[in-house]
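Quick notes on the structure that follows.
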Amino acid sequence: MTEAVLLVGGQGTRLRPLTINTPKPMLPVAGVPFTVHQITRAREAGVTRIVLATSYRADVFREFIDVSDLGIEVVIATEDEPLGTGGAIRHALPFLDSGPDEPVLVFNGDVLTGLDIRGLVDHHDSTGSDVTLYLTPVDDPRAYGLVPTDLSGRVTAFLEKPTTDAEIVTHNINAGCYVFRRSVIDSIPGGRPVSVERETFPALLESGALVTGVVDSGYWLDLGTPLAFVQGSRDLVLGAAPSPAVPSHGDLLVLPGAQVSSRAQVHGGTVVGREAFIADGAVVDGCVVFDGARIEAGARVHNSIVGVGAVVGEGCVLHGTVVGDGAVIGAGNELLTGVRVWPGAILAPGTVRFSSDR
Ligand code: GDD
Ligand code: MG
């Protein structure tokens with residue numbers, strides 16, 4: 001048996017307003033909640049039991065898991081107050097059956113990867129490590145945890161979200177998947193918030209524990225921001241990112257009950273949600289259109305997320321925009337990268353225009 005803890009208790013602040021009612025891992029991506037991609041990948045790697053470490057909107061996970069059969073035992077642990085990443089792993093301990101020397105996988109709940117999960121566990125076992133970290137190289141590491149290693153792969157430091165250039169000592173970052181010897185989880189203090197990145201990993205290194213890094217430069221994406229979220233969805237639909245929960249790939253994914261006009265152009269890995277509607281002449285490229293949303297005639301929508309039941313009016317132009325659930329964007333508005341429209345907001349026709357003229 002291999003057990004895993006999936007950290008899904010964060011507030012998903014950078015994805016607001018989508019995460020006001022739905023926690024980030026429960027947002028639909030390529031037709032299913034994001035967490036299903038991670039759970040089914042873990043299942044394929046031989047994980048037989050998974051603890052969902054929940055906090056923010058734990059009810060949404062519970063309702064979903066109660067009615068779903070994902071082919072793997074899923075147990076829900078809920079922190080009354082968010083305990084941070086390390087505190088959440090410690091809080092999951094009573095829900096684990098693994099012996100003290102057995103490996104326990106831990107995943108951040110918002111990363112999409114092509115990692116060989118089984119290979120990571122095998123590496124952990126063969127090196128006799130206390131903790132093994134999956135690392136990935138990125139161009140700009142500042143938003144992540146930097147993890148330098150020596151020639152043998154031993155981790156020499158852990159620098160979470162560096163603030164100065166001097167701290168950028170490597171481009172290999174913590175990719176959000178670990179293997180812990182279970183007894184190491186026992187040693188995390190209980191009952192108070194702990195950051196695994198800022199407290200547990202530095203303390204383990206200080207104590208001389210064997211912490212090993214495995215660098216894998218395959219597919220990796222943190223879906224924490226709107227643009228990353230649409231990219232992850234697009235990559236799953238197109239087949240660039242692997243998931244057992246996406247049975248077939250194509251230029252678009254149209255979910256049951258959706259209506260797409262034959263005179264609309266929908267492509268680039270767009271997902272059209274259940275009962276959603278795309279009108280004549282609309283162009284929808286690389287987007288996530290949630291259930292029941294409407295994109296009216298002639299609208300051009302790129303790299304954007306259109307919330308549940310939201311309406312994008314005739315002739316609108318949207319690039320890199322998030323439209324909250326139930327919002328109505330009147331005809332002829334132009335919204336560019338970074339704009340977030342709050343749920344239920346109504347934008348009168350022609351209110352916002354983008355002009356490149358100065
Ligand atoms: N249960 C629980 N309780 N989960 C939590 C809590 C908590 O209090 N706080 C955060 N989480 C979960 C989030 O839901 C998410 O799945 C994961 O822990 C990581 O939190 P993020 O908020 O997404 O962190 P990040 O993206 O800024 O940084 C983390 O991930 C990077 C890779 O994507 C760090 O682990 C970095 O070191 C890493 O490079
Ligand atoms: Mg993240």
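Along the sequence shown, residues carry numbers from 1. Counting starts at 1 for both ligands and their atoms, in listed order.
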Quiz item: Near the Mg ion (ligand 2), which protein N/O/S atoms fall under 2.8 Å?
Solution: D110 OD2, D222 OD2

Quiz item: Under 6.0 Å from the CG atom of D59, do we count more than 12 heavy atoms belonging to anything else shown?
Solution: yes

Quiz item: Are there more than 12 heavy atoms of other residues, nucleotides or ligands under 6.0 Å from atom CG of D140?
Solution: yes

[X] (side chain) donor-acceptor with [Y] (main chain) under 3.5 angstrom:
{"X": "R41", "Y": "T113", "value": "yes"}
{"X": "Q11", "Y": "Y56", "value": "no"}
{"X": "T270", "Y": "L252", "value": "no"}
{"X": "H37", "Y": "V29", "value": "yes"}
{"X": "R90", "Y": "R192", "value": "no"}

Quiz item: Without hydrogens or angle criteria, can the side chains of T2 and R118 be said to hold a donor-acceptor pair below 3.5 Å?
Solution: yes

Quiz item: Using a distance-only test with no angle check, is there a side-chain donor-acceptor pair under 3.5 angstrom linking T78 and R62?
Solution: yes

Self-check item: Within the protein, residues bringing a heavy atom under 4.0 Å of ligand 1, chain by chain
Solution: L7, V8, G9, G10, R14, K24, A53, E79, P82, L83, G84, T85, A88, N108, G109, D110, V111, Y144, G145, E160, K161, N174, Y178, E197, W220, D222

